[in-house]
Number of protein chains: 2
Amino acid sequence: MIINIIIKTAIMVINKAQDIFRNYLRGKGLRNTRQREVILDAFFFADKHITVEELFNAIKVKHPEIGFATVHRNVGLLCECGLADEIKIGNKKTRYEPKYEQRHHDHLICLKCGEFTEVKDEKIERLQDKLAEANNFAPVRHKLEIYGLCKKCR
Amino acid sequence: MIINIIIKTAIMVINKAQDIFRNYLRGKGLRNTRQREVILDAFFFADKHITVEELFNAIKVKHPEIGFATVHRNVGLLCECGLADEIKIGNKKTRYEPKYEQRHHDHLICLKCGEFTEVKDEKIERLQDKLAEANNFAPVRHKLEIYGLCKKCR
DNA sequence: CTCTTAATGATAAAGATTATCATTATCTAA
DNA sequence: TTAGATAATGATAATCTTTATCATTAAGAG
Ligand SMILES: [Mn+2]
Ligand SMILES: [Mn+2]
Ligand SMILES: [Zn+2]
Ligand SMILES: [Zn+2]
């Protein structure tokens, strides 16, 4: 059944992510904790583009003993080790999205309802690199956000 | 002499900007004040990509009576009427740059020295609009930031 | 000039992230 | 397996930036 395959895949992704996280921690002389496993699991199971507060509230249901600061600190660590991306829009609370195997994408952001649409255009990606090179600039990463009105709101 | 032409041009730009600002204020039933003229002048004379705090400190020299809140409020107004653009990078303080006649550009941002290089690629601009349209999304504005190492730092 | 009310400026409050620190728990190495 | 060094946690305080408050000032229409 399709639903089982999806669940299996999700579990595989999380196991792989746990490995990446544990290796990253080990490499930095940091420790693996119960809290860290819970936070990573919750983060990968949760909705995309989540705030620390939302993640904290989701975790609180089953793990009321885990503190906000701990969630905050560890989302930071997930970013460091490449398992999460930070999204800052205006003065709003920072959002985070799980990242798996370096899949990069950009965002269309609706000015009315706030919806995020994930997009990618290889041609744009290549032109960005060219543009950087033309300016003697070594690109590392980029952020492209297009603001406007989504399908429902336009 | 070239220096005089540059100064003349700068003064013309500021006069035009003052007109735009005054018209915007009038249209909204707001008032023109001495402080607003000082802030606009200082903003257009100052370095690009300035923070409110930096602008406030620059103004303080000649106008120590003008308050921080007033500078902050009015930089906001300058953004509203299209004479300034907001630049938010990570958790750093918001920076603002004067905008004259809707000239849009994107930024290359050095991860080492923080330098901003202004760039524009018409091909990328067009592809962005196409990408939006392909997703039934009506683009209003966008933000493209390429992070990496600049000429000096690479 | 008068009067309405927007703007100012000092300060407080809010909102988000980061630091502090006593306590707990991990994990290395004996 | 256990002891010991020290990283992590969690409650809370501190910080840092932006926004709100409010008594006072002043713009500008009439
Ligand atoms: Mn996304
Ligand atoms: Mn610029
Ligand atoms: Zn929408
Ligand atoms: Zn540089």
Side-chain angles (χ1 to χ4, degrees), chain A residues 18 21-43 49-81 84-96, chain B residues 18 21-43 49-81 84-96:
Chain A
Q18 286 284 11
F21 197 26
R22 272 194 287 266
N23 284 337
Y24 179 77
L25 293 173
R26 183 163 324 210
K28 291 211 124 189
L30 305 177
R31 295 168 182 174
N32 194 24
T33 64
R34 189 181 57 78
Q35 288 92 332
R36 286 183 167 156
E37 299 201 344
V38 169
I39 291 167
L40 188 150
D41 281 3
F43 181 59
H49 313 135
I50 199 173
T51 64
V52 171
E53 194 185 12
E54 288 164 354
L55 181 60
F56 170 69
N57 287 329
I59 289 171
K60 197 164 54 181
V61 179
K62 288 207 165 187
H63 302 277
E65 77 283 1
I66 295 181
F68 182 78
T70 301
V71 175
H72 214 294
R73 272 187 292 244
N74 282 298
V75 168
L77 272 184
L78 291 175
C79 289
E80 276 185 35
C81 74
D85 261 345
E86 231 182 37
I87 308 172
K88 287 172 189 288
I89 303 298
N91 280 344
K92 296 197 219 310
K93 224 170 277 198
T94 304
R95 294 187 170 274
Y96 298 86
Chain B
Q18 287 283 10
F21 197 26
R22 272 194 288 265
N23 283 337
Y24 178 78
L25 293 173
R26 184 164 325 210
K28 293 212 122 188
L30 305 178
R31 294 167 182 174
N32 194 23
T33 63
R34 191 182 56 79
Q35 288 91 332
R36 285 181 168 156
E37 299 202 343
V38 169
I39 291 167
L40 188 150
D41 281 3
F43 182 59
H49 313 134
I50 199 172
T51 65
V52 171
E53 194 185 12
E54 288 164 354
L55 182 59
F56 170 69
N57 286 329
I59 289 171
K60 197 163 55 181
V61 178
K62 287 207 166 188
H63 302 275
E65 76 284 2
I66 295 181
F68 181 78
T70 301
V71 176
H72 214 293
R73 271 188 292 244
N74 282 296
V75 169
L77 273 183
L78 291 175
C79 289
E80 275 185 35
C81 74
D85 261 345
E86 232 183 39
I87 309 172
K88 287 172 188 288
I89 303 297
N91 279 346
K92 294 196 220 313
K93 224 169 276 198
T94 304
R95 293 188 170 273
Y96 298 86

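The analysis underlying the following values was restricted to heavy atoms, covering all of them including side chains, and did not include hydrogens, waters or symmetry mates. Chain A is the first sequence line, chain B the second, and so forth, proteins listed ahead of strands; every chain is numbered from 1.
- No hydrogens or angles were tested; on distance alone, nothing pairs the side chain of B:Arg26 with the base of D:dG28 as donor and acceptor under 3.5 Å.
- The CZ atom of B:Arg22 sits 17 Å away from the C1' atom of C:dA7 (whole-angstrom rounding).
- Applying the 4.0 Å criterion to OP1 and OP2 of D:dA27, one finds that B:Gln35 has every side-chain N and O outside that range.
- Summary of the strand contacts: B:Lys88 and A:Leu77 both lie near DNA chain D, and taking for each the nucleotide with the nearest heavy atom, the more 5' one is attributed to A:Leu77.
- Open room surrounds CZ on B:Arg26; 12 or fewer heavy atoms of other groups in view lie less than 6.0 Å from it.
- Applying side-chain contact (heavy atoms from CB on, under 4.5 Å) to B:Phe43 and the options B:Ile59, B:Ile50, B:Val38 leaves one that passes, B:Ile50.
- Atom CG of B:Asn32 and atom P of D:dT25 are 21 Å apart (whole Å).
- Within 4.0 Å (heavy atoms only), B:Thr70 reaches at least one base atom of the nucleic acid.
- Side-chain N/O atoms of A:Thr51 and A:Lys93 include no donor and acceptor closer than 3.5 Å.
- At whole-Å resolution of the value, CD1 in A:Ile89 and P in C:dA16 are 15 Å apart.
- Distance A:Tyr96 OH to C:dA16 P: 12 Å, rounded to the nearest Å.
- Phosphate proximity of C:dA25 to A:Thr33: absent, as no side-chain N or O sits under 4.0 Å from OP1 or OP2.
- Checked by atom type and distance alone, the side chain of B:Arg31 never pairs as donor or acceptor with a backbone atom of B:Leu25 at under 3.5 Å.
- Just one of B:Asn74, B:Leu78, B:Val75 meets the side-chain contact (heavy atoms from CB on, under 4.5 Å) condition when paired with B:Leu40; it is B:Leu78.
- Contacts of B:Arg34 with the nucleic acid, taken as non-hydrogen atoms under 4.0 Å apart, are absent.
- At D:dT9, one or more side-chain N or O atoms of A:Asn74 fall inside 4.0 Å of OP1 or OP2 (strictly under the cut-off).
- Of the listed nucleotides (C:dA7, D:dA8, D:dG10), D:dG10 has the atom at the smallest distance from the side chain of A:Glu65.
- Look at CD1 on B:Ile59: it is 11 Å from P on C:dT8, rounded to the nearest Å.
- In this entry the distance linking CD of A:Glu86 with C1' of C:dT17 reads 11 Å, nearest Å.
- Between B:Phe68 and B:Gly29, the one whose closest nucleotide on DNA chain C sits nearer the 5' end is B:Gly29.
- Between B:Lys28 atom NZ and D:dA27 atom C1' there is a gap of 19 Å when expressed in whole angstrom units.
- Residue-level contact check: A:Glu53 touches neither bases nor backbone, having no heavy atom under 4.0 Å from any strand.
- Summary of the strand contacts: A:Arg31 and B:Ile39 both lie near DNA chain C, and taking for each the nucleotide with the nearest heavy atom, the more 5' one is attributed to B:Ile39.
- Comparing the end axes of the helix from C:dC1-D:dG30 to C:dA30-D:dT1, each fitted to five base pairs by superposing C1' atoms of four pairs onto the next four, gives an inter-axis angle of 40° (nearest 10 degrees).
- An OP1 or OP2 oxygen of C:dA16 is reached within less than 4.0 angstrom by no side-chain nitrogen or oxygen of A:Thr94.
- The residue from A:Glu53, A:Glu54, A:Glu86 that alone fulfils the salt bridge (charged side-chain N to carboxylate O under 4.0 Å, His left out) condition with A:Arg95 is A:Glu54.
- Of the charged side-chain nitrogens involved, at least one lies within less than 4.0 Å of a carboxylate oxygen, so that A:Glu37 and A:Arg22 count as a salt-bridged pair.
- No side-chain donor-acceptor contact under 3.5 Å links A:Asn32 and A:Gln18.
- Which of C:dA16, D:dA27, C:dT20 sits closest to the side chain of A:Arg73 comes down to C:dT20.
- In this structure, B:His72 atom NE2 and C:dT8 atom P are separated by 14 Å, rounded to whole Å.
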